[in-house]
2 protein chains.
Amino acid sequence: MKPRGRRPGDEDTRARILNVAREQFAHSGYERASMRSIAGQAQVDPALITHYFGSKVGLLTEALRLPVDPAVVLESVGHSEPDHMGEALVRAMVGAWETPVVRQHFLGMLRTAASHEVAREVMQQTLHDSVQVAVARLVDDDADRRSALVMTQMAGLAFTRYFLQLPEVVALTPEELAASIGPTIQRYLVDPL
Amino acid sequence: MKPRGRRPGDEDTRARILNVAREQFAHSGYERASMRSIAGQAQVDPALITHYFGSKVGLLTEALRLPVDPAVVLESVGHSEPDHMGEALVRAMVGAWETPVVRQHFLGMLRTAASHEVAREVMQQTLHDSVQVAVARLVDDDADRRSALVMTQMAGLAFTRYFLQLPEVVALTPEELAASIGPTIQRYLVDPL
DNA sequence: CCCATAATTCAACGTCTGTAGAACATGCGG
DNA sequence: CCGCATGTTCTACAGACGTTGAATTATGGG
């Protein structure tokens, strides 16, 4: 089919492979996103993936690297009025999730974590690094317990809205979500336990 | 290896296969729980699975049938004092999830749903049939919206505690969960929106 | 006791999987 | 303009996958 050797020009094939991989991991999970299918969509030979990423797991770990810095996403929360921090946090996270890149990353973690222990640990760590760390900075006592509660609520929102796509949850606008769920987060952050 | 034909005695092989399938789907997801591996653990020839369940998808759909009636689990919630319904609901659902059978069913749905559209729809329907229906009976206005909110919180609790196993969430006792998350549910059920 | 039926295994199929090694082409520094 | 490093494809392997059809053995009803 294609001529064999090196291509003229220098468009970044490696990045293209990585994008396709992210797409397919997010859409089909680890096993169904086969090297051949990824290579096919990226119009590339499967062996090239091994060449760049070493193995399929190598490709996965690189695909699962955070596309945004959680500290940046949650920056605004620290500057908000103390009794609307919950609302601000929901607004910031939903805002991020609504962008294709972040949503895809979330779905990629979830779908691959379902069958791959390594991915599950990445997801655990990611949640810790974003929510736990952020909450710890906003709060002055019982940080672990408070962030645990916040994580249950926020993870559940993402899970039902973007993965399960429950119609009743999908139907809500970001503003409605901030208004309804914000107070829950607020309570988890500041109320006595 | 084994002799060929029908076995003497009448122990229910079909049920044994189904149990192993549930176990493996919950532990490894759809693709890694191969017919051969399920058959192996059930000490049976792979072809026997096809004979009983038609195909792998047939096995999956049978494995995903609800092991408990959600109406029974949530029965007590209806009889509780109106201002402690939230707490009662959390207590009832966590109580169920802590049993091996229900926990396994939850993980089975989740892990197979990650790569199998059919399973995702089953999970969606299951959540609807348990939470949505129950909430609709407890509440007198905005049932859809209220149950949407309840589902985000409860799904998130199950997800972080039993699937992700976030240490901070695992550390909490069922009683602590009821005390901390109960009020959230209560608010979703009765507060003005 | 015979025969239909159900339970079970065997052997094989075609396809897909991840990976490895060799071949080939291009670009770049000397 | 030569040579080396890099990019890219080809071919192949060894194994796993789901499914099928036939063979074998036990059970239960007449």
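Quick note on labels: first sequence line is chain A, next is B, and so on, each numbered from 1.
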Which whole-number value in Å describes the distance from [X] [atom1] to [N] [atom2]?
{"X": "A:Ile17", "N": "D:dT9", "atom1": "CD1", "atom2": "C1'", "answer": "12 Å"}
{"X": "A:Phe53", "N": "C:dA20", "atom1": "CZ", "atom2": "P", "answer": "16 Å"}
{"X": "B:Leu48", "N": "D:dT19", "atom1": "CG", "atom2": "P", "answer": "14 Å"}
{"X": "B:His51", "N": "C:dT9", "atom1": "NE2", "atom2": "C1'", "answer": "12 Å"}
{"X": "B:Asp45", "N": "D:dT24", "atom1": "CG", "atom2": "C1'", "answer": "13 Å"}
{"X": "A:Arg16", "N": "D:dT8", "atom1": "CZ", "atom2": "C1'", "answer": "11 Å"}
{"X": "A:Ile49", "N": "D:dG7", "atom1": "CD1", "atom2": "P", "answer": "15 Å"}
{"X": "A:His116", "N": "C:dG18", "atom1": "NE2", "atom2": "C1'", "answer": "12 Å"}

In terms of heavy-atom contacts, does CZ of B:Arg16 have more than 12 from other residues, nucleotides or ligands at under 6.0 Å? yes
Of all residues at least two apart in sequence or in a different chain, which pass the side-chain hydrogen bond (donor to acceptor under 3.5 Å, both in side chains) check with A:Arg32? B:Glu31
Results of side-chain hydrogen bond (donor to acceptor under 3.5 Å, both in side chains) for B:Gln24 - residues two or more places apart only: B:Ser37, B:Gln41
Residues in residues 22-35 of chain B with a heavy atom under 4.0 Å of DNA chain D, by number, are B:Ser34, B:Met35
Using the ring pair (Phe, Tyr, Trp, His ring centres under 6.0 Å) rule, collect all pairs that involve residues 30-69 of chain B, keeping only residues at least two apart or in two chains. B:Phe25-B:Tyr30, B:Tyr30-B:His116
Can you tell me which residue pairs pass the ring pair (Phe, Tyr, Trp, His ring centres under 6.0 Å) test with a partner in residues 129-158 of chain A, sequence neighbours excluded? none
When A:Trp97 is tested against each of A:Arg161, A:Met154, A:Arg103 for side chain to side chain contact (heavy atoms under 4.5 Å, CB included), which residue passes? A:Met154
Under 4.0 Å between a side-chain N or O of B:Tyr52 and OP1 or OP2 of C:dT8? yes
For a quick test of reading the model: is some side-chain N or O of B:Thr13 closer than 4.0 Å to OP1 or OP2 of C:dT8? yes
Can you identify which nucleotide, out of D:dT19, C:dT19, C:dT9, has its nearest atom closest to the B:Ala47 side chain? C:dT9
What nitrogen or oxygen pairs link the protein and nucleotides 12-15 of chain D at under 3.5 Å?
none

Strictly distance-based, threshold 3.5 Å: is any side-chain N or O of A:Arg145 a donor or acceptor partner for the main-chain N or O of A:Leu193? no
Using modelled atom types only, decide if a donor and an acceptor are shared between the side chain of A:Glu87 and the backbone of A:Gly182 within a distance under 3.5 Å. no
Between A:Glu62 and A:Arg14, does any side-chain N to carboxylate O distance fall below 4.0 Å? yes
